[in-house]
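Sequential numbering from 1 along the given sequence is applied to the chain's residues.
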Amino acid sequence: MLATTTLLVLFVLLLTNCKPKSDSDEDTLLLLAVAASRICANSAYTGTTVVASTATLDTNTDCITGMTSSMSADLPLWIRANFKCAVGTVSGSNYVFRSQNIPNNKSFYFGSTSPMYEALASGQKSAGNNQISSQCLVYTIPSTPVVKSGSPVGTQSGYASVGITVNGLAIFNNAAAAPDTLSTEAQTFDKYNGHPQNSGVYHHHSQPLNVSNNNSNLIGMLIDGYAVYGRDCKDSSNNITTPGDLDTNHGHTTTTQHFSTATYHYHFASDATAGISTLIGSYFHGTPGTVSN
């Protein structure tokens with residue numbers, strides 16, 4: 001460990017003394033830190049590593065205490081004004097988000113000793129022994145999304161997450177872990193429609209109820225760069241409708257409260273594969289970026 005730390009310090013000194021720091025330098029340092037300790041949480045990125053059993057909510061940031069919530073000034077306003085509980089930057093033609101992926105809502109899955117614990121709703125059941133834990137999610141998302149030519153890319157293609165919510169949480173696809181169906185797995189959702197999988201990644205397949213509840217609120221962004229909204233659509237003239245023209249991926253092209261030019265975007269909508277309403281169908285509309293954990 002000492003040797004690894006020494007190499008990391010030397011590399012930092014080499015970069016800082018030889019040339020000005022750039023986004024690529026930051027990414028390189030992040031990758032080295034991850035390789036050395038497998039923890040991406042530090043003050044320059046996502047803040048102090050959160051321990052679920054002692055987690056508390058910071059009322060100033062509306063994020064878990066110790067987590068960094070920062071959106072760089074070169075991000076577009078629709079991101080800067082809405083996203084939090086993660087670190088967002090621009091790197092070339094991509095948006096980069098780094099997140100510990102800890103929900104800013106109470107949940108059964110913090111564990112009964114946590115200040116953030118809340119019992120499941122009546123009729124719900126536990127997802128086994130799964131509990132929320134700090135993650136190292138890094139999203140690289142195209143800032144100018146384009147429709148995927150040829151065959152679309154499946155959302156069930158092994159991605160660590162298919163998108164990020166406005167409060168920095170993972171969006172999962174419209175499928176459940178075998179042999180369950182998502183309609184069965186939904187019985188383990190907490191009061192905000194989230195739950196963790198077996199390695200502690202808290203996520204949403206359905207609308208996050210502290211973000212959107214059958215309305216037109218912005219929910220987040222999928223990794224192909226297109227925004228995802230609640231059930232309803234508010235156009236640039238503030239007309240609100242429940243869209244009836246969605247494609248099988250839950251999307252359509254119109255203006256929204258954030259885009260004055262007609263732009264493709266997704267909606268929380270009924271999904272035949274899942275058997276419940278979800279945030280995305282079985283395919284991305286655009287060409288997805290990358291996500292690691």
Cluster overlap [X] with [Y], hydrophobic side-chain contacts below 4.5 Å:
X    : Y    : answer
M71  : I219 : yes
V51  : L169 : no
V146 : Y95  : no
M221 : Y264 : yes

Rounded to the nearest 0.5 Å, how far apart are [atom1] of [X] and [atom2] of [Y]?
X    : Y    : atom1 : atom2 : value
N193 : S107 : CG    : OG    : 11.0 Å
D247 : T253 : CG    : OG1   : 8.0 Å
L246 : F268 : CG    : CZ    : 12.0 Å
N213 : Q207 : CG    : CD    : 5.5 Å
K234 : T255 : NZ    : OG1   : 11.5 Å
I240 : N215 : CD1   : CG    : 8.5 Å

As a quick check of understanding, evaluate side chain to side chain contact (heavy atoms under 4.5 Å, CB included) for Q197 and F172, giving each step before the final call. CA-CA 10 Å; Q197 39 78 296; F172 273 24; 3.9 Å; yes
Is any side-chain heavy atom of [X] less than 4.5 Å from a side-chain heavy atom of [Y]?
X    : Y    : answer
W78  : L218 : yes
L222 : I280 : yes
V90  : L75  : yes
L279 : H250 : no

Check: [Y] main-chain N/O paired with [X] side-chain donor or acceptor under 3.5 Å:
X    : Y    : value
Y109 : G194 : no
S114 : G111 : no
N217 : S212 : no
N101 : Y202 : yes
T188 : A186 : no
S99  : G168 : yes
S70  : V87  : no
Q257 : S216 : yes

Could you check whether [Y] and [X], counting side-chain N and O atoms only, form a donor-acceptor pair closer than 3.5 Å?
X    : Y    : value
T65  : D58  : no
S122 : Q124 : no
T181 : S183 : yes
Y266 : D224 : yes
N104 : N167 : yes

Ring centroids only, cut at 6.0 angstrom: are [X] and [Y] within range, meaning strictly under it?
X    : Y    : value
H267 : H252 : yes
F284 : Y159 : yes
F83  : F97  : yes
H195 : H205 : yes
H265 : Y226 : no

[X] and [Y]: which non-hydrogen atoms are nearest, and at how many Å?
X    : Y    : result
Q131 : F110 : OE1-O, 4.2 Å
F259 : A227 : CE1-CB, 4.2 Å
P115 : S53  : CD-O, 3.4 Å
P196 : N130 : O-ND2, 3.1 Å
A170 : V201 : CB-CG1, 4.2 Å

May I have the step-by-step check of side-chain hydrogen bond (donor to acceptor under 3.5 Å, both in side chains) for S133 and Q135, ending in yes or no? CA-CA 6 Å; S133 64; Q135 304 297 317; 3.0 Å; yes
Chi angles and distances behind the side chain to side chain contact (heavy atoms under 4.5 Å, CB included) call for V166, V211: CA-CA 8 Å; V166 292; V211 173; 3.7 Å; yes
State which residues pass side chain to side chain contact (heavy atoms under 4.5 Å, CB included) with T241; sequence neighbours excluded, sorted by chain then number.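 If we apply the side chain to side chain contact (heavy atoms under 4.5 Å, CB included) test to T241, skipping adjacent residues, the hits are C233.
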Could you list the donor-acceptor pairs under 3.5 angstrom formed between side-chain atoms of residues 173-180 and any protein atom two or more places apart in sequence or on another chain?
| unit_1 | atom_1 | unit_2 | atom_2 | d |
| --- | --- | --- | --- | --- |
| N173 | OD1 | A175 | N | 3.0 |
| N173 | ND2 | T155 | O | 3.0 |
| N174 | OD1 | Q156 | NE2 | 2.8 |
| N174 | ND2 | D271 | OD1 | 3.4 |
| N174 | ND2 | D271 | OD2 | 3.0 |
| N174 | ND2 | S282 | OG | 3.1 |

Residues forming a side-chain hydrogen bond (donor to acceptor under 3.5 Å, both in side chains) with T278, sequence neighbours excluded: none
Please assess T242 against D232 for the test side-chain hydrogen bond (donor to acceptor under 3.5 Å, both in side chains), listing each intermediate value before the final yes or no. CA-CA 4 Å; T242 301; D232 297 338; 2.6 Å; yes
